[in-house]
S.K.: 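To start, I am sharing the structure in question, which I have written as structure tokens.
Values reported hereafter were calculated over all heavy atoms of this structure, with side chains retained and with hydrogens, waters and symmetry mates removed.
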Amino acid sequence: MGRRKAFDPARPRPWVRFWARCADYSLFSMVFFLLLLWGPFALWTARLHPVLVNVLFLGVYVPVEAWMIGTWGTTPGKWLFRVRLAARGGDVVPANAFARSFKVWFRGLGFGLPFVPIFTCVVAYRRLQRNGETSWDREEDFTVEHGRVGALRIAGAVLLFFLVGAARQHLG
């Protein structure tokens, strides 16, 4: 048997991508909601409907994710789950990274509006399974590579989700 490549661009892994995104949102939500609770935006956001706060949260994450992808080719959650993005033509172009992140927010998550992500995620999942790539990766010329997610990384992810959940419970 030959040694398996460290990262494999050939096989789509939608559930690994899903959990990586959940990890990213969990980490980012801690920073975002701390700013909303104790930062200068606390009074302003206290008056917003929770749906608008969710849309705002996901929208604010768009440029943050684009910056991380443009800088490192990954995000903390993607790193944890060994998912890496690369531009087909060479270096990641910041405008493409932003467009990709925006399309994930719009097409993949339906802006975070109630019930919409149920449908958008199912459509994205089916297209990824059928075509081997998402529309936002294809249109923005990204390849997505997956490495083996070992037991230590899975344990780290479980710990991350537990700690974020405990912190949210504590912050209230």
Side-chain angles (χ1 to χ4, degrees), residues 11-37 41 44-70 73-85 92 95-146 149 153-154 156-169 171-172:
R11 194 173 108 215
R13 299 188 61 196
W15 286 106
V16 171
R17 290 175 69 156
F18 170 80
W19 287 111
R21 184 159 296 277
C22 287
D24 284 332
Y25 287 158
S26 293
L27 288 169
F28 184 68
S29 71
M30 293 306 301
V31 174
F32 183 79
F33 288 109
L34 283 173
L35 286 174
L36 293 185
L37 288 173
F41 306 108
W44 177 71
T45 55
R47 299 181 186 141
L48 290 178
H49 191 278
V51 170
L52 291 176
V53 173
N54 190 54
V55 170
L56 180 65
F57 163 72
L58 294 174
V60 168
Y61 186 69
V62 168
V64 173
E65 179 186 53
W67 175 79
M68 287 186 283
I69 290 170
T74 193
T75 62
K78 287 175 181 56
W79 173 85
L80 182 61
F81 284 90
R82 302 213 49 220
V83 177
R84 187 174 57 197
L85 284 96
V92 173
N96 290 67
F98 182 83
R100 180 194 180 277
S101 294
F102 181 83
K103 289 174 183 178
V104 170
W105 180 43
F106 171 61
R107 292 185 196 158
L109 300 168
F111 294 115
L113 296 170
F115 307 110
V116 176
I118 295 169
F119 302 103
T120 57
C121 286
V122 167
V123 169
Y125 174 84
R126 287 184 175 166
R127 286 184 179 162
L128 179 58
Q129 288 292 84
R130 184 179 59 240
N131 301 331
E133 64 184 345
T134 61
S135 61
W136 44 84
D137 290 326
R138 183 185 69 250
E139 291 170 8
E140 300 309 323
D141 285 331
F142 279 92
T143 60
V144 180
E145 300 172 337
H146 301 277
V149 182
R153 286 179 183 263
I154 291 170
V158 169
L159 180 62
L160 168 72
F161 290 127
F162 174 78
L163 291 174
V164 169
R168 281 189 175 165
Q169 189 76 15
L171 293 173

S.K.: Out of the candidates Glu145, Arg100, Met68, only one should pair with Leu85 under the side chain to side chain contact (heavy atoms under 4.5 Å, CB included) rule; please name it.
M.R.: Arg100
S.K.: So which heavy atom on Gly112 is nearest to which on Leu58, and how close?
M.R.: CA-CD1, 3.4 Å
S.K.: Could you check whether any side-chain heavy atom of Ile69 comes within less than 4.5 Å of a side-chain heavy atom of Thr75, counting everything from C-beta outward?
M.R.: yes
S.K.: Hey, what's the ring geometry for Phe106 with Phe102, parallel, tilted or perpendicular (30° and 60° as the breaks)?
M.R.: parallel
S.K.: Kindly give the heavy-atom pair with the smallest separation between Thr120 and Arg107, and that separation in Å.
M.R.: CB-O, 3.0 Å
S.K.: Are Pro14 and Gln129 packed together at the side-chain level, in the sense that at least one heavy-atom pair is separated by less than 4.5 angstrom?
M.R.: yes
S.K.: Any sub-3.5 Å donor-acceptor pair from Thr74's side-chain atoms to Trp79's backbone N or O?
M.R.: yes
S.K.: Step by step, work out the side-chain contact (heavy atoms from CB on, under 4.5 Å) result for Asp24 and Lys78.
M.R.: CA-CA 8 Å; Asp24 284 332; Lys78 287 175 181 56; 3.8 Å; yes
S.K.: Do Thr134 and Phe142 have side-chain heavy atoms sitting under 4.5 Å apart?
M.R.: no
S.K.: Heavy atoms, side chains only, cut-off 4.5 Å: are Phe18 and Cys121 in contact?
M.R.: no
S.K.: Would you check if Leu80 and Trp19 make a side-chain contact, meaning some heavy-atom pair closer than 4.5 Å?
M.R.: no
S.K.: For Ala66 and Ser101, work out which heavy atoms get closest and say how close.
M.R.: N-OG, 3.5 Å
S.K.: Taking the inter-plane angle between the rings of Tyr61 and Tyr25 on a 0 to 90° scale, is it parallel (under 30°), tilted (30 to 60°) or perpendicular (over 60°)?
M.R.: perpendicular
S.K.: Measure up the Trp15 and Tyr125 rings against each other and bin them: parallel (under 30°), tilted (30 to 60°), perpendicular (over 60°).
M.R.: tilted
S.K.: Which atom names give the shortest non-hydrogen contact between Ala157 and Phe81, and what distance separates them?
M.R.: CB-CZ, 3.5 Å
